[in-house]
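Beneath this line is the structure, given in structure tokens, with notes to follow.
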Protein chains: 2
Amino acid sequence: MANLSDIIEDFIKKMFDEMPEGILEIQRNEMANRFQCAPSQINYVLTTRFTLERGYFVESRRGGGGYIRIKKLKIREDEFLKDIFEAIGESISGSEAKAIIERLWEEEIITEREMKILCAVINKYNLPLRPADRDVVRAYIMKAVITALLDHEARKGGK
Amino acid sequence: MANLSDIIEDFIKKMFDEMPEGILEIQRNEMANRFQCAPSQINYVLTTRFTLERGYFVESRRGGGGYIRIKKLKIREDEFLKDIFEAIGESISGSEAKAIIERLWEEEIITEREMKILCAVINKYNLPLRPADRDVVRAYIMKAVITALLDHEARKGGK
DNA sequence: ATAGATGAAGGTCAGAGAAAGTCAAAGATA
DNA sequence: TATCTTTGACTTTCTCTGACCTTCATCTAT
């Protein structure tokens, strides 16, 4: 974990542990100062790691007394799976797919074991195809997984 | 013997002696530099020597702070794994794969839900490729699944 | 009171830099 | 000859920064 962005990401996520409300406020400059980086790197971390797809909502205010507020979103399982299905599209990269799988685990929709299995399946080294084909196949696989999860849930819920 | 790829292979394998967790991170350029070879030769070594069949799992990340992570699987001498790998081979049809997955469920190695997810993943409608490629990709997927599964259990139980 | 000035936030974006990945072709070797 | 190794030119992905822009609260002079 050599890069700063990962460290800042972890730091922010740890802050959430002390915020049972799931709402956090930070100051951009204070953050940049703490990590000795350019203020814009904080935006970079936010836009790459605290996105809607990853379950966060960010808002902010400029000027004196400004802030950046990060909210951890609460989900409804069925809607959530449908949204993910829509978001996958025709083609998906390994890192995007991994983020989705990790999110499914964080939301306790899949077990740790299922997460590991799925990460292995979508891994580049385990899909011996040309990059473009690989991303397409990966999208199909992900959608198949989501569909199976939805189906499994429906059968369980509806008797 | 004594070609560079073999030497790099040995070197990496020795590095595992100091990693009791069986997880190693290397830098591609640093490696290439150490052995005075083209960086892409490191990929060659990884894809020919550190395969699932040989008991390794590889993942990586690009960009600043990038890395290549090699996991030495905990279950390399497992007879059961060897049998299944042999059954899968280089290429496997949908129905053969399905039979193996159902067998795993009957043996209570995987849950019902995992069975459903996996059957969806290996289904031909979810692998949009020419039949020959599809069977090869399916074989990789099956091996990745079995490997991830057994490794997860081995790490959980054995340590 | 109020327009304008000031300073204190945060936002944007393009570009440089840092890795790793791909693939075809050339070179060895058995 | 067939397979395995090695290379290098090109690509893609991810990180980090700095210059410049926008927004907001408050202070100041009228």
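In what follows, chains carry the letters A, B, and so on, assigned in the order in which the sequence lines appear, proteins first and then strands, with residues in each chain numbered from 1. No hydrogens, no waters, no symmetry mates; every other heavy atom, side chains included, goes into these values.
Between A/R34 and A/E30 there is a salt bridge, with a side-chain nitrogen of the basic residue lying less than 4.0 Å from a carboxylate oxygen of the acidic one. Under the 4.0 Å criterion applied to side-chain N and carboxylate O atoms, B/D10 and B/K14 are not assigned as salt-bridge partners. Electrostatic pairing of A/E114 and B/R113 counts as a salt bridge here, judged by a charged N lying under 4.0 Å from a carboxylate O. Salt-bridge annotation for B/E53 and B/K143: present, with a side-chain N of the basic residue lying under 4.0 Å from a carboxylate O of the acidic one.
The side chain of B/R62 contributes no N or O atom lying less than 4.0 Å from OP1 or OP2 of C/dA18. Put simply, A/R134 has a side-chain N or O that comes within less than 4.0 Å of OP1 or OP2 on C/dT22.
In this structure, A/I42 reaches neither bases nor backbone, as no heavy-atom distance under 4.0 Å exists between it and the strands shown. Nucleic acid contact class of A/S95 (heavy atoms, under 4.0 Å, all strands): sugar-phosphate only. Residue contacts shown for A/R69 are absent, as no nucleic acid heavy atom lies under 4.0 Å away.
Both A/I26 and A/F11 sit in one connected hydrophobic cluster of ILVMFWY residues. Membership requires side-chain heavy atoms under 4.5 Å apart, directly or through other members.
A cation-pi contact, defined as under 6.0 Å to the ring centre and within 45° of the axis, links B/K71 to B/F57.
In this structure, A/L4 atom CG and C/dA18 atom C1' are separated by 14 Å, rounded to whole Å. C/dA18 atom P lies 18 Å from atom CD1 of B/I68, rounded to whole Å. Taking atom CD of B/E59 as the reference point, atom P of C/dA19 lies 19 Å away to the nearest angstrom. Between B/Q41 atom CD and C/dA28 atom C1' there is a gap of 12 Å when expressed in whole angstrom units. Rounded to whole Å, the distance from CD1 on B/I26 to C1' on C/dA19 is 13 Å.
Along DNA chain D, the stretch of nucleotides lying under 4.0 Å from any heavy atom of chain A spans, 5' to 3', D/dC14 to D/dA25.
Checked against C/dA20, C/dT22, C/dT12, the side chain of A/N43 finds its nearest nucleotide in C/dT12.
Comparing A/Y125 and B/G64 by the nucleotide of DNA chain C whose heavy atom lies nearest to each, the residue mapping closer to the 5' end is B/G64. Nearest-nucleotide positions on DNA chain D place A/R49 closer to the 5' end than the other of A/R49 and A/G65.
Taking all atoms of both residues into account, the shortest heavy-atom contact from B/F16 to B/I23 is CE2-N, 4.1 Å. Here the closest non-hydrogen pair linking B/N126 and B/A120 is ND2-O, 2.6 Å.
Of the residues in residues 28-40 of chain B, those lying under 4.0 Å from DNA chain C by heavy-atom distance are B/R28, B/N29, B/S40.
A/M142 has its side chain within reach of A/I100: a pair of non-hydrogen atoms, C-beta onward, lies under 4.5 Å apart.
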